[in-house]
Amino acid sequence: MSKILITSALPYINGIKHLGNLAGSQLPADVYARFQRARGNEVLAICATDEHGTPAELAAQAAGQDVRTYCDEQHRLQAEVGARFGLSWDWFGRSSSHQNAALTQHFSDVLEDQGFIEERVDRQLYSLADKRFLPDRYVEGICPVCGYPKARGDQCDNCGSLLDPLDLKEPYSVISGSRDLEVRDTRHLYLLQTKLAERIRAWVNTRQHWPTLARSIALKHLDEGLIDRGITRDLSWGVPVTRGGQPRTGMEGKVFYVWFDAPIEYIAATQEWADATGGDWRAWWRTDAGADQVRYVEFMGKDNVAFHSVSFPATILGSGEPWKTVDTLKAFNWLNWYGGKFSTSQGRGIFMDSALEILPADCWRWYLTSNSPEHSDSTFTFEQLVAAVNRDLADVLGNFVNRILKFCEGRFEGVVPAGGEPGPLEAKLCADVAGALADLTAQFEAIEVRKSAQALRALWVLGNEYLQEAAPWSAIKTDQVRAGVIVRTAVNLVGLYGRVSAPIIPFAAEAMRRAVGESSDMWPGVDISAELSRIPEGRALTTPPILFSKIEDTQVAAWSARFGAA
RNA sequence: GGGCCCGUAGCUCAAUGGUUAGAGCCGGCCGCUCAUAACGGUCUGGUUGUAGGUUCGAGUCCUACCGGGCCUACCA
């Protein structure tokens, strides 16, 4: 048994996430966690809301709430909808926790002790109307290069020039529209990534299990040269900047930049878990306390790779302390929406809460897994959703379960038939299942999401093939015992499916296990003959309702209209 | 501007430089009748974006072009 630490990118606090966020980090992380638990490994699956930063402040303001209240409420909503999707976190924390504040301040201290942090004075635009400094994307004005009137502070969308907010002509605040701005000096801490570059490169070169996407992004940044990053901001909502536990002189009222404290929350959330459960967080994160034996796997969208492959490692490695670093970095591409992107700010696409209003979680989990944006961007379409649900779940799996349980109910009074011995067809079935199961196991182990779904489906198909060939409806006319063997075998197959399907469709999997009285949710072994003899003769079965209802054309039409699919 | 990725059947996707480029869906045909008109079998379907090059051998490696996408760091 090994220890596996799993984290998924922290969902930002400003509202329920859309299906793209789910597909690209939280769902695959959960599938992997469930699989590894079933394998008997000790798993710790950690996630949390990322609560700091300007967008949170603005969202709270728009909602008419103070930011703490807003975050309390949004955290609860995200935790609830995640649970309804079957996301089986061991802990769903909050980057606003006191544990994260303490740990973030600790990293700041040790990084400064190691000579990797220094103070610098910047000149930044201050909005008198908003009473705040403006991050560069919250300033717009006339582009000094091409004259475009709505250039952002960091870049002009018209000519592509990279800009400094101070270069803009006639700048105004995006927050309030106010032009009452002035340039003020502001003091900030900088993380000296330039001094850590070679250490990071050496570390990246030791990472054997990174896909090319992650490695190439990391090496690209290293090749182009890291820049020293400002890690503090002029905001009120965040982790206060301190030195040695006291407010830092000259930086009172400032907080750490959200990208500095957010990854640290992976560790802090584990501390939150430990404080709540009595667990040992050091065994997962400190290599001097056993974490060198842990396999650490991170899940994220491709936009997060730079921060996880370079920035966060700079924090960890620069501390000089024995922290665990990521072994496998699994990155995903985008799930698009009818030509464009899902957009939180524009409310475009399908969000997790409304998704559950129209279909059960398992349908979404299956669709988003079998069509995962794993190796390239993929596009959500209702057409593909219908195909995934109706063909794979309803026809292939759901109907198999239903047809055999109904048959057992009608011909054997819902009791697992006794007597008889397996024959050649059962031997062939065992061999086929063994092969398919080995493939499925390998795909899950390799975190090949799409291929895992394909392999699982192949396993389901075997059930229908077996029934077709064994034809218990014919056998029962001449040989009651033989028909009993077939039914018993197929019922056992339902129990097996209830175990191996659980990582992707946990709710239906549990229903299958319950129907045949399978109490184990552990991964099957290699002796398939034994695995298909677990449901004892004479056991009374309970046929559950249809596992998956089919999607009707009228529903698709209604959903397309509701969600603006075109 | 710089960097990266992709282009394979009508659709979604596979193929350590090595048999005749494979699956699923869709479509055609046959079978079955336990089941959610579900299931099984079978067939059709390809100039692997274009043009060159390297090689005994290229979907795979190299060059150019065409087309699509992504990243480019204080928006999370």
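Computed from a predicted model, the values in this text were never measured in an experiment. In what follows, every heavy atom counts, from backbone to side chain, and hydrogens, waters and symmetry copies are set aside. Convention: sequence-line order gives letters A, B, ...; per-chain numbering from 1.
- Here the side chain of A:R411 is nearest to one of B:rU33, B:rC34, B:rA76, namely B:rC34.
- With hydrogens and angles left out, the side-chain atoms of A:E51 and A:T49 include a donor and acceptor closer than 3.5 Å.
- Listed by first residue number, the stems of RNA chain B with at least three Watson-Crick or G-U pairs below 3.5 Å are B:1-7 with B:66-72, B:10-13 with B:22-25, B:27-31 with B:39-43, B:49-53 with B:61-65.
- Nucleotides of RNA chain B nearest to A:Q193 and A:P472 differ in position, and the one nearer the 5' end is that of A:P472.
- The CG atom of A:L467 sits 9 Å away from the C1' atom of B:rA35 (whole-angstrom rounding).
- Nucleotides B:rC61 and B:rU54 place their C1' atoms 8 Å apart, quoted to the nearest Å.
- Using a 3.5 Å distance cut-off with no hydrogens or angles, the side chains of A:D130 and A:S176 do pair a donor with an acceptor.
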Between protein and nucleic acid, restricted to nucleotides 11-15 of chain B and to nitrogen or oxygen atoms under 3.5 Å apart, what atom pairs and distances do you find?
{"unit_1": "B:rA15", "atom_1": "OP1", "unit_2": "A:K451", "atom_2": "NZ", "d": "3.3"}

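- When the P atom of B:rC34 is taken as reference, atom CZ of A:R488 falls 22 Å away, rounded to whole Å.
- A gap of 16 Å separates the P atoms of B:rU60 and B:rU55, to the nearest Å.
- Taking the C1' atom of each, B:rA14 and B:rG22 are spaced 7 Å apart, rounded to whole Å.
- Using P as the reference atom, B:rA37 and B:rC26 are 16 Å apart when rounded to the nearest Å.
- Remark: the separation of the P atoms in B:rU63 and B:rC6 is 14 Å, to the nearest Å.
- With 3.5 Å as the limit, one finds a donor-acceptor pair spanning the side chains of A:N464 and A:R403.
- Contact record, A:C71 with A:W237: SG-CZ2, 3.6 Å, taken as the closest heavy-atom pair.
- With a 6.0 Å radius and a threshold of 12 heavy atoms from other residues, nucleotides or ligands, A:E118 has its CD atom above the threshold.
- B:rA37 atom P lies 12 Å from atom CZ of A:R391, rounded to whole Å.
- Proximity note for A:Q468 (side chain, C-beta onward) versus B:rC34, B:rA76, B:rC25: the nearest is B:rC34.
- In this entry the distance linking CG of A:N390 with C1' of B:rC39 reads 15 Å, nearest Å.
- Both A:F407 and A:K17 lie near RNA chain B, and the one whose nearest nucleotide falls closer to the 5' end is A:F407.
- Here A:K302 does not reach the OP1 or OP2 of B:rC4: none of its side-chain N or O atoms lies under 4.0 Å away.
- Atom CZ of A:R120 has more than 12 heavy atoms from other residues, nucleotides or ligands within 6.0 Å.
- Rounded to a whole angstrom, the distance from the C1' atom of B:rC11 to that of B:rC29 is 22 Å.
- As rounded to the nearest Å, B:rG67 and B:rG27 have P atoms that lie 35 Å from one another.
- Between A:E448 atom CD and B:rU16 atom P the separation is 12 Å, expressed in whole Å.
- Put simply, the residue from A:I551, A:N390, A:V389 that forms a side chain to side chain contact (heavy atoms under 4.5 Å, CB included) with A:C363 is A:V389.
- When the side-chain nitrogen and oxygen atoms of A:R457 are compared with OP1 and OP2 of B:rA23, none of them lie within a distance under 4.0 Å.
- Of the N and O atoms on the side chains of A:W460 and A:S501, at least one donor lies less than 3.5 Å from an acceptor on the other residue.
- In this structure, of B:rA35, B:rC26, B:rC74, it is B:rC74 that holds the atom nearest to the side chain of A:R233.
- Scanning atom types as modelled, no donor and acceptor separated by under 3.5 angstrom connect the side chain of A:D395 and the base of B:rA38.
- Of the candidate nucleotides B:rC70, B:rC75, B:rA35, B:rA35 has the atom nearest to the side chain of A:K406.
- B:rC75 and B:rG69 have their P atoms separated by 25 Å, given to the nearest Å.
- Applying the side chain to side chain contact (heavy atoms under 4.5 Å, CB included) test to A:A387 and every residue at least two apart in sequence or in another chain returns nothing.
- The nucleotide whose nearest atom lies closest to any side-chain atom of A:V396 is, among B:rA73, B:rC39, B:rA76, B:rC39.
- Closest to the side chain of A:Y257, out of B:rA35, B:rC74, B:rC34, is B:rC74.
- No more than 12 heavy atoms of other residues, nucleotides or ligands lie within 6.0 Å of CZ in A:R187, so this atom counts as exposed by the packing criterion.
- Here B:rC32 is the nucleotide among B:rG40, B:rC32, B:rU36 with the atom lying nearest to any side-chain atom of A:W473.
- Taking atom CH2 of A:W366 as the reference point, atom P of B:rC25 lies 12 Å away to the nearest angstrom.
- Here A:F548 lies in heavy-atom contact (under 4.0 Å) with a base.
- In this structure, of B:rC71, B:rU36, B:rG40, it is B:rG40 that holds the atom nearest to the side chain of A:N464.
- Using a cut-off of 4.0 Å between Lys/Arg side-chain N and Asp/Glu carboxylate O, A:R233 and A:E57 are scored as not salt-bridged.
- Nucleic acid contact class of A:A387 (heavy atoms, under 4.0 Å, all strands): none.
- A:F548 does not carry A:K550 over the face of its six-membered ring by the limits of under 6.0 Å from the centre and within 45° of the normal.
- Here B:rA76 presents its P atom at 20 Å from CD1 of A:I16, a figure rounded to the nearest Å.
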